[in-house]
Amino acid sequence: MALLDAQQSQPVAHVIFCVDNSGSMQKTDAKSEDGQPLSRTEAVARCCRQLVQQQACEKGVVYTHILFNQTAEATFVEKDVGSALSLLQQTPRPKHGTNFASAWALVEKTVQATRPGLVVHVVFLSDGRPGELPARPPSLGAEKPTSRWNGM
């Protein structure tokens, strides 16, 4: 798929990174390519940078970065490859609990504000269950939940 509109030379894709920045992301249980320990936050930041770097030759992509914990905040909106890579060099400081509802509310608002014609891709990265949901919904009783959300 060509990411530039040949007639207008305008971006046609918008990648929204929605990244968990809750306290659990401080945990150091990931490893770098050379085996060095990484926090979950550092690992996710590297993943985001690698995805942007892999698309660097495509000029038709703009990027938005949303961090969430108990609240959600867009750290940048609709930036080009170079700007996104520069801004993604900063590793955030994780804190507080996890609230998926605030994250999805900001994702929805961002998608609605996206320039017409852009194809939107949301990359949602989290290490766990949102704090606003019970560990065992009342309808499940004592049984273990059988489904799980995984960001990809």
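- Annotation: side chain of Thr64 is in contact with side chain of His14 (closest heavy-atom distance under 4.5 Å).
- Note that CD of Glu42 is 9.5 Å distant from OG of Ser32, once rounded to the nearest 0.5 Å.
- Taking hydrophobic clusters as Ile, Leu, Val, Met, Phe, Trp and Tyr residues chained together by side-chain heavy-atom distances below 4.5 Å, Val15 does not share a cluster with Val62.
- Looking only at distances, a side-chain donor or acceptor of Ser102 sits under 3.5 Å from a matching main-chain atom of Asn99.
- Val77 and Val111 sit in two unconnected hydrophobic clusters of ILVMFWY residues. Membership requires side-chain heavy atoms under 4.5 Å apart, directly or through other members.
- One N or O on the side chain of Thr110 and one on the backbone of Leu106 form a donor-acceptor pair closer than 3.5 Å.
- In this structure, the side chain of Glu108 does not engage the main chain of Ala105 through any donor-acceptor pair within 3.5 Å.
- What you find for Asn69 and Ser22 is that their closest heavy atoms are CB-CA, 3.8 Å.
- Ring geometry for Phe124 versus Trp104: interplanar angle under 30°, hence parallel rather than tilted (30 to 60°).
- Between the side chains of Asp20 and Ser126, at least one donor N or O lies within less than 3.5 Å of an accepting N or O.
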(message) Show, in sequence, the C-alpha distance, side-chain angles and deciding distance for Lys31 and Gln36, and conclude whether the side-chain contact (heavy atoms from CB on, under 4.5 Å) test is met.
(response) CA-CA 5 Å; Lys31 293 194 186 280; Gln36 296 298 312; over 6 Å; no

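- Phe17 and Val61 fall within a single hydrophobic cluster, where Ile, Leu, Val, Met, Phe, Trp and Tyr are joined by side-chain heavy atoms under 4.5 Å apart, directly or via other members.
- Closest approach of Ser39 and Met25 over heavy atoms only: CB-O, 3.9 Å.
- Remark: side-chain polar atoms of Thr75 are paired, donor with acceptor, to backbone N or O of His65 under 3.5 angstrom.
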Please table the atom pairs, donor to acceptor, closer than 3.5 Å between any side-chain atom in residues 87-96 and protein atoms at least two apart or in another chain.
| from | atom 1 | to | atom 2 | distance (Å) |
| --- | --- | --- | --- | --- |
| Gln89 | NE2 | Leu85 | O | 3.3 |

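- In terms of hydrophobic clustering, with Ile, Leu, Val, Met, Phe, Trp and Tyr side chains grouped at heavy-atom distances under 4.5 Å, Val19 and Phe76 are assigned to a common cluster.
- Counting only heavy atoms from C-beta outward, the side chains of Cys18 and Leu67 never approach each other to under 4.5 Å.
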Practice prompt. Determine, stepwise, if the pair His121 / Val119 fulfils side-chain contact (heavy atoms from CB on, under 4.5 Å).
Written response: CA-CA 7 Å; His121 305 276; Val119 176; 3.6 Å; yes

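- Rounded to the nearest 0.5 Å, atoms CG (Leu118) and CD1 (Ile16) are 9.5 Å apart.
- Taking both residues in full, the closest heavy atoms of Ala56 and Val81 are given as CA-CG1, 3.7 Å, listed atom of the first, atom of the second, then distance.
- Test Thr41, Thr98, Asp127 against Ser24 for side-chain hydrogen bond (donor to acceptor under 3.5 Å, both in side chains) and you get one pass: Asp127.
- Note: Arg115 CZ to Glu78 CD = 4.5 Å, rounded to the nearest 0.5 Å.
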